[in-house]
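Just below is one structure, and these are the notes that go with it.
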Amino acid sequence: MRAILSLVIVPLVLSGSFATQYRPPPVSHTNFPKGFLFGSATASYQVEGAWNDTDKGESIWDHITHNNPNFIAEQQNGDIADDSFHKFKEDIRIMKDIGFKSYRFSISWPRVLPTGKVADGYSKTGLNYYTELIDELLANGIEPLVTLYHWDLPQALQEERGGWLNPNISDYFADYADFMFSKFAPKVKYWITINEPLSIVNGYGDDARAPALKELHGIGEYVAGHNLLLAHSKAYKLYQDKYSHNLGKISMAFCGSYCAPASDSVEDIEAAERCYQFTFGWFIHPVLKGDYHPLLRSIIDENSQWEGRKTSRLPYFSQQEIDQLKGSADFLGLNYYTMLLAKPGLAGLDPSDQRDSRVVTLWDPSWKPTVASWLRVAPEGLRMLLNKVKNDYGNPEVLITENGYPDDGSDPLNDTERINYYETHFAAIRQAIYEDGCNVVGHTSWSLMDNFEWRDGYKAKFGIFSVDFNSPNRTRTMKKSAYWLKNYIAMHDYL
Ligand SMILES: *[C@@H]1O[C@H](CO)[C@@H](O)[C@H](O)[C@H]1NC(C)=O
Ligand SMILES: *[C@@H]1O[C@H](CO)[C@@H](O)[C@H](O)[C@H]1NC(C)=O
Ligand SMILES: *[C@@H]1O[C@H](CO)[C@@H](O)[C@H](O)[C@H]1NC(C)=O
Ligand SMILES: *[C@@H]1O[C@H](CO)[C@@H](O)[C@H](O)[C@H]1NC(C)=O
């Protein structure tokens, strides 16, 4: 292992390689561009609770947690979660106290549109909740970063229509987006249509997420991904056509574990590129360039043909769809947590996106493990990712829409590993900005508070505030990392 790892290089940084070892930057502690958007993030199902308040519709996460409790660690669910539905004013107070300039939250589609469809009518209570939330943020000088879809699909759309597999879902999503734009476009300047399409498709070819349709592996993830891209591009077009005078910016929030080659061999360098194209690139490339990356296209087409299929498992876009997708982002939203080392090999279900990529991944032993099995601490991967998107796509504006560290919450008043995580990731961002010329405009810490972490229930805690899940008050308490961030942001503001 060590022999392999000592050879790690970065293929796409023109100024030569930088080692995997973290190198402190030669810039001052607080050096960030003026107006850098420090913020924090949550998502509706993970924090709101009030799952059945008045006329809210059921979501696929309500459904799976209630009907298949063993799907979640300790049979937990988001019925109450952080009760942010009732406590949002307190949440805004605490984020203001830290000095955050932005709050990234998501709108629960079934809270606003109980059946998912505009034609069936909207919930006044649901809409009112988001109106009050946005108004309270603006009154406190905090920029709302609104995500339209962070995984809580209306169950009615899943049950009756196959969710993201239905060819019509991009139209339902565009109608929903139109409805939200019509209410909030004058107030909201940053929109994320869809959070982590790569994670969403894990529910349509794997059981990592709801609706957990693992049996569709190799096909479902590509169909769902295709419809997610179409949904995004329709919402983007609609905004440009009807709401652009509000001067808002729109993107998706893309994710992946950044892949570096496991050695400097051509095979490993190519494996790392495939790994990138099958994760971040799967969605970023069509959004910026209009169609799937040629590598993705050719590999999946070839594999499908070899399997004796008449059509590719990766659907094709029409020319009109390509034209509409191309350039459908005003900035790149990037969620970064960790990285991997890639080399050629076969892994994953046969067939599946993972197997199609012909990549196996390793950890560098110097990357510290965390309570989340998928996350090791590797800030250098963030700098590599920022350089990758700069070099591949002409240095687009990047907003880091998620970044954070999980622990078991056993020592919230001394969460030094989380502080270390933020400090080293901020340093990697500053290096990317000042040494590499990357266009990074903000950082959003995941998360404002401990919350429902999907299949991990409440076990993996990412918050800078802890939440007492045993108290009906869901009392929030500042962790040491929150004090640290408060100080860090204040020093930056001062300069
Ligand atoms: C909402 O769900 C809770 C359980 O989470 C239940 O106790 C309550 O009766 C439900 N309320 C309504 C109005 O259905
Ligand atoms: C898609 O929408 C059209 C028009 O409303 C409808 O006729 C068709 O049945 C829908 N397709 C599916 C798969 O739901
Ligand atoms: C906090 O944790 C660090 C190591 O992570 C340890 O050195 C220090 O003694 C701890 N402080 C307190 C007050 O527990
Ligand atoms: C919840 O908050 C209320 C009002 O602040 C307080 O009176 C009560 O003691 C708290 N309950 C618990 C269990 O913390």
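Atoms within each ligand, like the ligands themselves, are counted from 1 in listed order. Nothing here was measured: the structure is a model prediction, and the numbers come from that model.
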**OP:** Could you check which of I419, N420, N414 puts a non-hydrogen atom nearest to atom 6 (C) of ligand 3?
**Re:** N414
Which protein non-hydrogen atom lies closest to [atom], naming both residue and atom, and how far is it?
{"atom": "atom 5 (O) of ligand 1", "value": "W51 NE1, 3.1 Å"}
{"atom": "atom 4 (C) of ligand 2", "value": "N168 ND2, 4.5 Å"}
{"atom": "atom 14 (O) of ligand 1", "value": "N52 ND2, 3.3 Å"}

Donor on one side chain, acceptor on other, [X] and [Y], under 3.5 Å:
{"X": "Y130", "Y": "S108", "answer": "no"}
{"X": "S170", "Y": "N227", "answer": "no"}
{"X": "T125", "Y": "N128", "answer": "no"}
{"X": "H217", "Y": "D353", "answer": "no"}

Original post:
For N166 and ligand 2, does the shortest N/O to N/O distance drop below 3.5 Å?
Top reply: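 It does: an N or O of N166 is found under 3.5 Å from an N or O of ligand 2.
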**OP:** Indicate yes or no for a side-chain donor-acceptor contact from K479 to the backbone of G463 under 3.5 Å, with no hydrogens or angles considered.
**Re:**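 Between the backbone of G463 and the side chain of K479 there is a qualifying donor-acceptor contact (under 3.5 Å).
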**OP:** Could you tell me whether some N/O pair between D411 and ligand 3 is separated by less than 3.5 angstrom?
**Re:** no
Original post:
If you measure every N/O of T416 against every N/O of ligand 3, is any gap under 3.5 Å?
Top reply: yes
Subject >> Any protein heavy atom nearer than 4.0 Å to atom 2 (O) of ligand 1 >> reply: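 Looking at atom 2 (O) of ligand 1, one finds that a protein heavy atom does lie closer than 4.0 Å.
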**OP:** Ignoring hydrogens, tell whether any protein atom lies closer than 4.0 Å to atom 9 (O) of ligand 1; use the non-hydrogen atoms only.
**Re:**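 No; the ligand atom in question lacks any protein heavy-atom contact below 4.0 Å.
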Subject >> salt bridge (Lys or Arg N to Asp or Glu O under 4.0 Å) between R313 and D356, worked out >> reply: CA-CA 10 Å; R313 287 186 279 102; D356 284 328; 2.8 Å; yes
Subject >> Test applied, salt bridge (Lys or Arg N to Asp or Glu O under 4.0 Å); reference residue, D407; option that passes from K461, K368, R418 >> reply: R418
